[in-house]
Protein chains: 2
Amino acid sequence: MSENEKMTEEKIFEAATIVFEEEGLSGARMQSIADRAGINKALLHYYFRTKDHLFEAVFTKLAKKMFMKFNPIFENNLSLEEKIRFFFKEHISFMQQNPKLPGFILNEINHNPQRIQKLIKNIEFKNLWLKILEQHKDELYKYNITEETLPQIMTTIASLSVFPFAAKGILEVIFENMGVDFDKFIELRKNFAADFVIKAITK
Amino acid sequence: MSENEKMTEEKIFEAATIVFEEEGLSGARMQSIADRAGINKALLHYYFRTKDHLFEAVFTKLAKKMFMKFNPIFENNLSLEEKIRFFFKEHISFMQQNPKLPGFILNEINHNPQRIQKLIKNIEFKNLWLKILEQHKDELYKYNITEETLPQIMTTIASLSVFPFAAKGILEVIFENMGVDFDKFIELRKNFAADFVIKAITK
DNA sequence: TATACTTTTGACCATTCGGTTAAACCTATT
DNA sequence: AATAGGTTTAACCGAATGGTCAAAAGTATA
């Protein structure tokens with residue numbers, strides 16, 4: 001039945017997500033995914049014809065899930081400062097529940113940059129400055145934000161949020177050595193990063 | 001001759017570095033490395049018995065090369081502000097010449113965290129705070145740096161420097177869309193990141 | 001030049017891996 | 001109960017992969 005079918009496809013998808021996140025495209029084994037889904041390997045190919053098909057499906061969904069989290073910033077009508085605080089809280093909370101996502105996505109894109117191209121080529125980054133300008137015209141004078149520094153500030157905000165997860169493997173070892181708990185560090189980071197950025201851009 | 005031997009081992013090592021950086025451990029093929037080095041595949045196993053041996057050699061050297069760049073900060077006797085400026089200039093310059101290194105190292109560590117453990121377990125991060133305290137006792141009052149915020153600030157500095165390279169694949173696409181040149185962005189980042197951090201931590 | 005030793009090679013091996021096939025199994029419809 | 005449809009499986013396949021081996025090629029020493 002279609003109910004059962006959804007179940008199986010879902011099982012496969014969830015298993016594939018875990019294995020791909022953990023091992024990467026080239027490191028993942030179809031057999032591991034089948035085992036984890038509790039099904040036969042041939043059934044994988046029945047639902048998703050090839051490994052690449054399956055990977056593409058998983059990757060696209062995860063990447064969208066990730067980039068979606070950046071959207072609300074340009075939608076709601078908070079102040080710039082509120083938006084920054086909102087972003088760090090939401091984005092870091094999301095990654096707390098998906099700690100392996102950032103490293104996985106960054107890595108796979110570096111291995112095959114064209115994969116992301118079709119995903120974000122539709123988004124009009126060109127209008128980004130105009131959009132921000134119209135929403136926050138008055139506030140921009142208060143902060144050191146110009147069309148020139150926008151890429152730097154955007155990247156900076158993304159860095160502060162994403163990097164700790166992308167570098168989790170290293171940080172955990174270093175922090176352990178310093179007697180710092182990674183999870184606690186992340187919890188504190190929501191406010192620290194927001195304060196840090198706001199302090200830095202305020203004239 | 002030993003001269004020739006060094007030549008061959010060197011050729012293998014360089015080829016392996018390129019292939020591993022590009023494809024990762026699981027994606028790299030011994031045949032590709034042999035081809036790139038212009039030698040027989042069996043010769044790889046003559047010099048480095050297994051793929052894992054070869055990878056370990058390459059990874060260890062690259063990881064050391066990377067982390068070495070953090071050292072001078074705790075050695076020279078510049079002021080805190082000078083150290084921050086010095087770090088961003090040196091570290092980003094280094095990565096400009098090795099743009100694939102950050103992503104490679106982060107990814108391989110996430111896949112196998114214990115790999116980094118033996119490399120940095122010798123470093124005494126516990127004394128880090130004491131070391132900084134003794135070198136910059138007076139300055140620390142000027143900045144918002146305490147033993148509690150140190151991990152956040154350290155991670156922040158690393159983020160601002162490393163992340164743009166770890167996310168190069170994405171940023172290049174986005175920047176292209178915005179009419180921004182990645183290399184120019186990186187060049188500007190050396191000063192932007194330093195200014196940003198100093199502004200943020202100055203009371 | 002003969003000998004001993006190291007380096008390099010081509011051919012080969014065992015295993016793993018993504019993918020296929022034909023048959024068995026289920027489930028709904030008649 | 002018989003039929004037809006999709007779903008699931010065990011067994012299998014060819015190619016790719018990491019690794020081995022014995023012989024060839026090179027080199028230094030006597």
Would you mind checking if B:Arg85 and B:Asp195 are paired as a salt bridge, meaning a charged N to carboxylate O distance below 4.0 Å? yes

If we count only N and O atoms by modelled type, under 3.5 Å, do the side chains of A:Glu108 and A:Asn112 hold a donor and an acceptor together? no

In numerical order, the residues of residues 13-32 of chain B whose heavy atoms come under 4.0 Å of DNA chain D are B:Ala28, B:Arg29, B:Met30

Answer yes when B:Glu187 and B:Lys190 have at least one side-chain N-carboxylate O distance shorter than 4.0 Å, and no when they do not. yes

Whether A:Asp181 side chain and A:Lys184 backbone form a donor-acceptor pair below 3.5 Å: yes

Whole-Å distance separating the NE2 atom of B:His45 from the P atom of C:dT9: 15 Å

Per A:Lys41 side chain, nearest of listed nucleotides D:dA10, D:dT7, C:dG18: C:dG18

I need the residues from residues 33-40 of chain A with at least one non-hydrogen atom less than 4.0 Å from DNA chain D; give them sorted by number, or say none. A:Ile39, A:Asn40

Does a side-chain N or O from A:Tyr47 land closer than 4.0 Å to OP1 or OP2 of D:dT8, or not? yes

Measure from the side-chain N and O atoms of B:Lys83 to the backbone N and O of B:Ile73, and report whether any donor-acceptor pair falls under 3.5 Å. yes

Just list the side-chain donor-acceptor pairs under 3.5 Å for residues 14-25 of chain B, sequence neighbours left out, or say none.
from: B:Thr17; atom 1: OG1; to: B:Phe13; atom 2: O; distance (Å): 2.8
from: B:Glu22; atom 1: OE2; to: B:Lys100; atom 2: NZ; distance (Å): 2.7

Quick one about B:Thr156 and A:Arg189 (side-chain donor to acceptor, distance below 3.5 Å, no hydrogens or angles considered), yes or no? yes

Divergence of helical axes at both termini of the helix from C:dT1-D:dA30 to C:dC25-D:dG6 - five pairs an end, 10° steps: 10°

Can you tell me if A:Ser93 and A:Glu90 form a side-chain donor-acceptor pair at under 3.5 Å? no

Which pairs of donor and acceptor atoms, one on a side chain in residues 161-173 of chain B, lie under 3.5 Å apart (sequence neighbours left out)?
from: B:Ser161; atom 1: OG; to: B:His91; atom 2: ND1; distance (Å): 2.7

Which listed nucleotide (C:dG19, C:dT7, D:dT9) is nearest to the side chain of B:Tyr46? C:dT7

To the nearest Å, give me how far apart CD1 (A:Ile12) and C1' (D:dT8) are. 11 Å

Look only at the side chain of A:Lys61 and the backbone of A:Glu56, and say whether a donor-acceptor pair between them is shorter than 3.5 Å. no

B:His45 side chain reached by B:Met30 side chain, heavy atoms, under 4.5 Å: yes

Rounded distance (Å) that lies between atom P of C:dT9 and atom CG of B:Leu43: 6 Å

Salt bridge between B:Lys89 and B:Glu82, side-chain N to carboxylate O under 4.0 Å? no

Sorted by number, the residues of residues 50-61 of chain B with heavy-atom contact under 4.0 Å to DNA chain D: B:Thr50, B:Lys51

To the nearest 0.5 Å, what is the distance between CD1 (A:Ile201) and CD (A:Gln152)? 13.5 Å

Using atom NZ of B:Lys11 as one end and atom P of C:dT7 as the other, report the distance to the nearest whole Å. 14 Å

Please give, in whole Å, the distance from D:dT20 P to B:Phe48 CZ? 16 Å

